[in-house]
Amino acid sequence: MNLLSAPPAPYHVMYIHHFQSMVDNKLIWLFVWAVVIDIFTGLIKSLVVHKTTSRKGTDGLIRHGALLLIILTLYPMLDANGFGSAGNAMVAFYITFYAVSIVENLGQMGVPLPADIKKYIYKLSDEYQKEEQKHEHKDN
């Protein structure tokens, strides 16, 4: 150890610094907004298609909250340990996941979507629609 250099900061100080730096991270903001928009479009979809249940809504909010907590805890940890690229890849994956969910919600509400997009999203496919109708007839 060189006497002229400062000792490394304790890990908890580095973690807090990386946690605080997420405020300026555009990828983290995009992730948070994707979650908020997905919750909003999911709520609107449930009202439009008349399938609103408190249990499904509560389960969804718990899942979204848990994922937010995991990402906002794990991302600074990865970044502090030199794995910022892995953290960015993880967040980008979930942004894509939520983007697909938002498009699904819009499609199920009847918002017109390009056919090229529809063919890649299972919940908007004819196969899914037929399966949903089977389940509805079983429940009645």
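When reading the values below, keep in mind they use all heavy atoms of this one structure, side chains included, and skip hydrogens, waters and symmetry mates.
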Nearest-0.5 Å distance, [atom1] of residue [X] to [atom2] of residue [Y]:
X	Y	atom1	atom2	answer
Asp59	Ile62	CG	CD1	6.0 Å
Ile37	Ile44	CD1	CD1	12.5 Å
Met90	Ile70	CE	CD1	9.5 Å
Leu67	Leu72	CG	CG	9.0 Å

(request) Keeping the roles fixed (side chain from Trp29, backbone from Val23), state whether a donor-acceptor pair exists under 3.5 Å. (result)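 Looks like yes, one N/O pair under 3.5 Å.
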(message) If you apply the rule side-chain contact (heavy atoms from CB on, under 4.5 Å), what do you find for Asn88 with Tyr75, and how did you get there?
(response) CA-CA 8 Å; Asn88 288 338; Tyr75 185 86; 2.6 Å; yes
Using the rule that two of Ile, Leu, Val, Met, Phe, Trp, Tyr join whenever any of their side-chain heavy atoms come within less than 4.5 Å, decide whether [X] and [Y] are in one cluster.
X	Y	answer
Leu78	Leu68	yes
Ile39	Met109	no
Val103	Val35	no
Ile102	Ile28	no

Show me the side-chain donor-acceptor pairs of residues 79-86 shorter than 3.5 Å, one per line, residues at least two apart or across chains.
from	atom 1	to	atom 2	distance (Å)
Asp79	OD2	His18	ND1	3.0
Asn81	ND2	Tyr11	OH	3.1
Asn81	ND2	Met77	O	2.8

(message) Please give me the minimum heavy-atom distance between Ser46 and Leu43, naming the atom from each residue.
(response)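 Of all heavy-atom pairs spanning Ser46 and Leu43, the closest is OG-O, 2.7 Å.
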(message) Show the nearest heavy-atom pair for residues Val49 and Gln108, with the distance to one decimal.
(response) CG1-O, 3.5 Å
Atom pairs and distances, donor-acceptor, side-chain atoms in residues 91-98, under 3.5 Å, two or more places apart:
from	atom 1	to	atom 2	distance (Å)
Thr96	OG1	Ala92	O	2.9
Tyr98	OH	His64	ND1	2.8

(message) Please identify which of these residues, Ile71, Asn25, Val36, meets the side chain to side chain contact (heavy atoms under 4.5 Å, CB included) condition with Phe31.
(response) Ile71
